[in-house]
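Scroll down for the structure; my scribbles are underneath it.
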Amino acid sequence: MPYSPYELKNNPMTLPFQKATLLKRYKRFLVDVEIGGTVMTAHCPNSGSMKGLIRAGGMSWLSVSNNPNRKLSHTLEIIETDGTLVGVNTHRTNHIVYEALKDKNIPELSDYAHIEREVTYGSSRLDFLLTDATQQPTYLEVKNVTLKEGDRALFPDAPTLRGTKHLNELMNIKAQGQRAVMLYVVQRNDCQRFSIAKTIDPLYCETLEKAIDCGVEVLAYQCHVTPSHIWLDKPIPLDLDFVR
């Protein structure tokens with residue numbers, strides 16, 4: 001079911017998003033854009049490399065905050081690349097998954113009555129804890145995916161020690177006899193399969209292989225993206241043979 005993850009409490013925004021021309025990204029969390037002939041700086045809510053997405057002159061969409069205490073009122077949300085809209089705001093990903101979990105739109109995770117967000121396990125904070133009186137607890141970690149090569153969505157787009165740490169925690173959870181799931185959310189709809197970018201982060205690839213061997217489950221879903229709505233659309237096949 002389509003829904004808008006943008007009308008969040010304590011984060012007032014104007015809708016629809018403002019269309020802008022992307023000029024450049026710098027200092028990791030800043031982008032310059034042009035709106036109606038005016039150049040301005042916006043917040044870039046993505047710590048990855050955003051490989052293949054930042055192209056001068058490309059189209060983008062930004063949200064606008066009404067919070068007077070914000071230094072930058074505009075936030076980069078969507079980038080168009082090769083005719084495809086890609087959601088780049090990693091802070092949206094968990095909300096997209098939360099709505100899908102509530103609506104029972106992830107069949108592999110539809111048997112749980114209670115959804116708890118941002119739970120601590122060991123030395124990490126994982127994204128979700130799913131519980132039910134008749135089901136064993138399930139810990140769910142979510143990662144946002146924007147990189148594409150050929151017909152494959154790839155993760156990560158930059159080395160991620162934090163991501164490797166989360167995989168180790170999922171292995172610890174599985175060793176304790178509980179269910180552990182890794183969900184990759186592809187915020188674009190033009191990919192046919194999902195793989196790991198081994199050449200970008202060999203350690204993450206190696207750790208995922210160990211996690212799979214330990215029984216950690218891996219899912220990949222891609223999204224439908226528009227300037228006003230993003231929703232978890234459908235699963236895509238895993239291409240992890242090279243990991244094994």
Side-chain angles (χ1 to χ4, degrees), residues 4-6 8 11 13 17-35 40-65 67 70-82 84-99 117-118 125-127 141-149 152-166 182-191 194-197 200-201 204 220-232:
S4 173
Y6 303 126
L8 306 181
N11 190 18
M13 297 177 180
F17 290 160
Q18 289 190 357
K19 192 173 184 178
T21 301
L22 186 63
L23 300 179
K24 65 177 181 179
R25 181 195 190 192
Y26 56 102
K27 294 184 179 178
R28 199 178 191 185
F29 296 111
L30 299 176
V31 290
D32 282 349
V33 299
E34 181 180 345
I35 302 177
M40 64 177 63
T41 300
H43 174 56
C44 178
N46 191 311
S47 61
S49 71
M50 296 173 64
K51 182 180 178 182
L53 298 179
I54 303 296
R55 299 174 183 173
M59 289 297 100
S60 63
W61 284 261
L62 293 83
S63 59
V64 184
S65 173
N67 184 350
R70 278 192 48 158
K71 183 176 181 180
L72 298 173
S73 60
H74 288 66
T75 298
L76 181 64
E77 299 282 353
I78 296 170
I79 293 176
E80 182 177 7
T81 178
D82 298 326
T84 296
L85 300 186
V86 182
V88 298
N89 188 340
T90 59
H91 302 306
R92 304 283 181 220
T93 316
N94 281 12
H95 187 75
I96 293 168
V97 172
Y98 179 68
E99 294 295 332
R117 304 174 70 170
E118 296 291 329
R125 180 171 291 181
L126 300 178
D127 292 316
E141 178 63 16
V142 175
K143 296 299 180 189
N144 189 68
V145 182
T146 61
L147 178 60
K148 179 192 177 190
E149 291 185 3
R152 297 188 302 167
L154 295 172
F155 182 88
D157 67 355
T160 172
L161 290 176
R162 185 168 179 268
T164 298
K165 181 181 179 182
H166 288 152
M182 180 71 247
L183 171 60
Y184 297 97
V185 175
V186 183
Q187 278 206 66
R188 55 193 300 162
N189 67 355
D190 59 346
C191 301
F194 170 82
S195 296
I196 298 299
I200 292 177
D201 193 339
Y204 186 88
Y221 273 71
Q222 69 179 6
C223 295
H224 187 82
V225 182
T226 77
S228 59
H229 295 77
I230 297 179
W231 65 90
L232 209 63

Residues V145, F194; criterion side-chain contact (heavy atoms from CB on, under 4.5 Å); working and verdict:
CA-CA 9 Å; V145 182; F194 170 82; 4.0 Å; yes
Do the side chains of [Y] and [X] get nearer than 4.5 Å, heavy atoms only?
X	Y	result
I78	S60	no
C223	N189	no
E80	L22	no
L183	V185	yes
M50	R28	no
L62	T75	no
N94	E118	yes
V33	T21	no

Could you grab the distance from atom [atom1] of [X] to atom [atom2] of [Y], nearest 0.5 Å is fine?
X	Y	atom1	atom2	result
N46	L53	CG	CG	8.0 Å
H74	C44	NE2	SG	15.0 Å
Q222	C191	CD	SG	6.0 Å
W231	T226	CH2	OG1	6.0 Å
D32	M40	CG	CE	10.5 Å
K24	L30	NZ	CG	10.0 Å

So M182 and H166, side-chain contact (heavy atoms from CB on, under 4.5 Å) or not? Walk me through it.
CA-CA 9 Å; M182 180 71 247; H166 288 152; 5.9 Å; no
Just by modelled atom types, is the [Y] backbone N or O under 3.5 Å from a matching donor or acceptor in the [X] side chain?
X	Y	result
T81	T84	no
R152	L154	no
R25	I54	no

Of all the heavy-atom pairs spanning [X] and [Y], show the shortest one and how long it is.
X	Y	result
D201	P156	CB-CG, 3.8 Å
P227	F17	O-CD1, 3.4 Å
D157	I200	C-CG2, 3.8 Å
G87	T146	O-CG2, 3.4 Å
S49	A158	N-CB, 4.0 Å

Would you check, one step at a time, whether the test side-chain contact (heavy atoms from CB on, under 4.5 Å) holds for H43 with F29?
CA-CA 6 Å; H43 174 56; F29 296 111; 4.1 Å; yes
Residue among K148, R55, R188 satisfying salt bridge (charged side-chain N to carboxylate O under 4.0 Å, His left out) with D82
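It is R55, the one option of K148, R55, R188 that forms the salt bridge (charged side-chain N to carboxylate O under 4.0 Å, His left out) with D82.
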Under the side-chain contact (heavy atoms from CB on, under 4.5 Å) criterion, do Q187 and T93 qualify, and how do the steps go?
CA-CA 8 Å; Q187 278 206 66; T93 316; 3.6 Å; yes
Assess whether salt bridge (Lys or Arg N to Asp or Glu O under 4.0 Å) is satisfied between R117 and D127, documenting all intermediate values.
CA-CA 6 Å; R117 304 174 70 170; D127 292 316; over 6 Å; no
Set out, in order, the CA-CA distance, both residues' side-chain angles and the distance that settles side chain to side chain donor-acceptor pair (under 3.5 Å) for N89 and E77, then state yes or no.
CA-CA 5 Å; N89 188 340; E77 299 282 353; 3.1 Å; yes
Is it true that R125 and E141 have a side-chain N and a carboxylate O under 4.0 angstrom from each other?
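No.
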Evaluate the ring planes of H95 and Y98, with Trp represented by its six-membered ring, and classify them as parallel (under 30°), tilted (30 to 60°) or perpendicular (over 60°).
tilted
Would you call the rings of Y204 and Y184 parallel, tilted or perpendicular, taking 30° and 60° as the class edges?
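Rings of Y204 and Y184: perpendicular, over 60°.
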Do N144 and T90 pair up side chain to side chain, a donor and an acceptor below 3.5 Å, judged on atom types alone?
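Short answer, no.
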